[in-house]
Visitor: 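Okay, handing you the structure first.
Bear in mind the structure is a predicted one, so any value in this text is a computation, not a measurement. Along the sequence shown, the residues carry numbers beginning at 1. When reading the values below, keep in mind they use all heavy atoms of this one structure, side chains included, and skip hydrogens, waters and symmetry mates.
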Amino acid sequence: MAQVAARSAGGSACLCRKRIVRALGLSLVGALILAALCAGALILGTDGADLSYRTLDYDVTATADGDLKVTEHIDIKLRKRKDDDGKTKPWRSAGIFPPP
């Protein structure tokens with residue numbers, strides 16, 4: 001009777017280990033599939049932003065009286081935009097450039 005109990009205990013440990021390995025493998029495969037789908041959606045699903053920053057640089061200088069003089073250099077990319085009627089939509093309406 002003791003040998004039967006020992007075999008069943010050892011057999012269930014082996015069965016439990018197989019289940020864990022199988023569950024981990026399926027989880028890994030599922031995670032890889034999900035990552036591939038998300039990457040594909042990001043790559044194929046976007047055509048880029050209408051406005052994007054290329055660089056944003058700050059030059060900061062401390063003056064003799066302790067004040068800071070800050071100069072910023074912004075390089076942005078503005079793509080051509082269309083409104084609902086198909087006409088070109090000016091960027092100054094977005095508040096980026098002052099009116100002429």
Visitor: Would you give me the side-chain donor-acceptor pairs under 3.5 Å for residues 19-34, sequence neighbours excluded?
Guide:
unit_1, atom_1, unit_2, atom_2, d
Ser27, OG, Ala23, O, 2.8

Visitor: Only pairs at least two apart or in different chains count here, so list each side chain to side chain donor-acceptor pair (under 3.5 Å) that has a residue in residues 52-62.
Guide: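 Qualifying pairs, neighbours excluded: Asp59-His73.
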Visitor: I'd like to know if the side chain of Asp83 reaches the main chain of Asp85, judged simply by a donor and an acceptor atom lying under 3.5 Å from each other, with no hydrogens or angles considered.
Guide: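 Yes; at least one donor-acceptor contact below 3.5 Å.
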Visitor: For Asp65, does the CG atom have more than 12 heavy-atom neighbours from other residues, nucleotides or ligands under 6.0 Å away?
Guide: yes
Visitor: If you count heavy atoms of other groups shown closer than 6.0 angstrom to NZ of Lys82, is the number above 12?
Guide: yes
Visitor: Who pairs with Asp67 by side chain to side chain donor-acceptor pair (under 3.5 Å), at least two apart in sequence or on another chain?
Guide: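 Asp67 satisfies side chain to side chain donor-acceptor pair (under 3.5 Å) with no other residue.
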Visitor: Are any of the side-chain heavy atoms of Lys77 and Leu51 separated by less than 4.5 Å?
Guide: no
